[in-house]
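Below is one structure; the comments refer to it alone.
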Amino acid sequence: MVPSESRHFDLTCCELDSVERLRAHLAGGRTLYEVREDGQGGRHWQALTADDPTPFVAQTEPPPFAAKAFFFAEREAVFRFDGERFVAIEPTAPAQVLFGLHACDLAAVAYQDQFFAADAHYQARRAAALLVGLDCRHSCSQGFCTLVDSGPEVRAGTADLILLPTEAGWLLLIASVAGAAAVADLALPAASRDWPAQRVAHRQQVASEQGDGQWLQDGIAAINAAKVSAATWESLGLRCLVCSGCTTVCPTCSCFAPLERKLPDGSIEQERVWDSCLYEGFQKEASGHNPSALAGQRVQRFWQHKFGEGFRQTFGRYGCVGCGRCDHVCPGGIGVHAVMRKVGKPCSN
Amino acid sequence: MLELTPRALRLLDFYADGQDSRHFRLRIDAPQPGDLAVIPGQFFMLGVPGFGEAPFTYVSPPDEGGEFSALIRSSGRLTARLFELESGASLGYRGPFGKGWPLLLGARRVLVVAGGCGLAPLAGWIEEALHHAAPLQLRVLYGARSAPAQVLGRERERWRQVLPLIETLEHGGPEALRGSPLAQLDRLFAEEQPQVVLCCGPEAFMLAIAKTCVRRGVAADNVWLSVERRMHCAVGLCGHCYIADSYACVDGPTYRYDHYLQLLAHGNTGHAGGELGVGPC
Ligand SMILES: Cc1cc2nc3c(=O)[nH]c(=O)nc-3n(C[C@H](O)[C@H](O)[C@H](O)COP(=O)(O)OP(=O)(O)OC[C@H]3O[C@@H](n4cnc5c(N)ncnc54)[C@H](O)[C@@H]3O)c2cc1C
Ligand code: SF4
Ligand code: FES
């Protein structure tokens, strides 16, 4: 999908008798991924074949990993040096479908579409992907999409197709030219139900579950007024175990490091691998000088990136899409809820 | 799309130019029109195969044949390897990147202040200013740790003939010029109040110079700094060079002082931990 093409696309709505039939249809000619339980308590993106018999389950909790790695690879080769010349390594981009993405994760993809707008590797994979979103009817346990304008209904311009669950069965929203083309052969009947009202009802339900978000507003205000003291950041930094869990699961984190590899034929391949601004050496210079030597400075950096006004102006939204994953993974208990509550409290600054 | 793959660069020759520093002459194999558009203060990524890439500033910008020069101090793995290479070695080049110094200042009294290797990104600007049609009252204040640590010997020799070049040393040299360049500002401001100040050196040093100049009446938006940050991609993607919501590889390394202060207010930079000195060279 080309993101810009769908931004002003007028949604149309169809009756969808079977999500599985849609899924099987989309899986023809493309690799389709869906989040599946692994039977041991884990959930993963898995490739399905067109004849996969497992019923589709609309999951309330977003998967442990967002869509990030599909486009911004955890590790990939960028160029090779053959002794004389540097040769670009072109990205491989098989046609793929991500099926059942939550609104927050789609908002994050749209955010990264902007950030990586001129990155050939990201864009090649992105252009070859069809995104099928899923509107949420209830809030997940840690999420706050209604407070950061990312959900619960999939935002315009972030998906090609949108699954809309209702009491009376499934509806499918056609949300881009690519989405329309992908389902044209299914000849789905137009829906006669009042689907916009259905989506508003979902939004109100989730918003009531997520509350007024004063904790978040206070935290954001304190960060942008530069009111949070170094001591407060440092007290949070003391709880950072430098595991990089947050930066790994956060769908809008995008830092990477270069890594060189000697190949058996003597040539050298340069890769890029995910990095984390929470690592102590992230900004360390050869001289030993380190502008973010303190853990508190690095924790501050992470949240500046998520809620800083400058970033919001550049990208048209906050870097945090409210998925709650950092709360799930942080072993030190400094996910988004704890941090924003702490920095937003006047007495702690 | 962003250029992430280096182009071939040839090491032509080099000479020693200050302690642990060499002045390299390099040539881009297949120069492109964009290579001629370098603005002093911009930088390039030097690829040393097997040792990665690192940012360096142009001392002289690429000419039609793709030749340019850079002053490089040996400080880590990549530079140590570079210093082992002979003329003719194959290197990698990406650039130019970042924002350079303001070119047309509309001002006539300019003070350039450099600490250590911080003279390198200013050299191209000084050369250009000397060839500028409009007459410019340019003074250069350059601080180094010691005489052997001073860089850009040949350039300074030339400049000394045509402009006031005040050289301080932390150790050695004449008594009146011993210590930090900061100590010279009293005298220089008394002689003539500059309208514009361009400064490059260790961060704490630059901030001290800028603060002093502003206190003495230079407008904060007429003071410019060139800031160093660890860099890898040079195109605003890898995240390593952040300063608050700015990426130094794209928005810098040259910042206007008032803008830079705003970044510091919202950022987490530990510049204050640095020493006030002119740095290792
Ligand atoms: C815009 C800019 C211009 C510069 N111009 C010059 C110059 O003209 N002459 C000069 O001698 N030095 C310059 N430097 C500093 C120079 O980049 C570092 O000294 C050099 O990267 C040290 O790396 P190394 O390979 O010796 O160390 P390594 O230990 O091999 O460093 C590993 C990598 O980390 C990064 N890195 C480490 N330290 C720095 C640093 N201080 N700044 C940026 N990246 C770093 C580089 O990508 C480097 O390849 C400049 C830095 C910046 C940001
Ligand atoms: S900061 Fe936390 S809640 Fe916000 S998008 Fe990243 S992982 Fe999700
Ligand atoms: S060097 Fe990668 S973002 Fe600046």
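To find a chain, count down the sequence lines: A is the first, B the second, and so on, and within it residues start at 1.
B:R94 does not touch chain A: none of its heavy atoms, backbone or side chain, sits under 4.5 Å away. The contact between B:E53 and chain A is made entirely by side chain atoms (from C-beta outward), counting heavy-atom distances below 4.5 Å. Heavy-atom distances place the backbone of B:L91, and not its side chain, under 4.5 Å from chain A.
Taking OG of A:S292 as the reference point, atom OH of B:Y242 lies at 3.5 Å (rounded to 0.5 Å). Taking CZ from A:F282 and SG from B:C241, the interatomic distance works out to 8.5 Å, rounded to the nearest 0.5 Å. Within the model, atoms CG of B:L237 and CZ of A:R272 stand 7.0 Å from one another, a figure rounded to the nearest 0.5 Å. A distance of 12.0 Å separates CD1 in B:I243 from CD in A:Q304, rounded to the nearest 0.5 Å. In this structure, OH on A:Y122 lies 14.0 Å from CG on B:L2, to the nearest 0.5 angstrom.
Residues from residues 308-323 of chain A that place a non-hydrogen atom less than 4.5 Å from a non-hydrogen atom of chain B comprise A:G310, A:F311, given in numerical order. Along residues 67-79 of chain A, the residues that come nearer than 4.5 angstrom to chain B, judged on non-hydrogen atoms, are A:V78, A:F79 in order of number.
Here the closest heavy-atom approach between residue A:R301 and residue B:A244 is recorded as NH1-O, 2.7 Å. Listed here is the closest heavy atom pair of B:T5 and A:A88: OG1-CB, 3.3 Å. Of all heavy-atom pairs between B:S90 and A:E84, the closest is OG-OE2, 3.4 Å. Between A:G281 and B:R230, the closest heavy-atom pair is O-NH1, 3.2 Å.
Figure legend: cation-pi geometry between B:R7 and A:F86 absent, as NZ or CZ is not positioned both under 6.0 Å from the six-membered ring centre and within 45° of its axis.
If you check the side chains of B:H240 and A:D275, you find a donor sitting under 3.5 Å from an acceptor.
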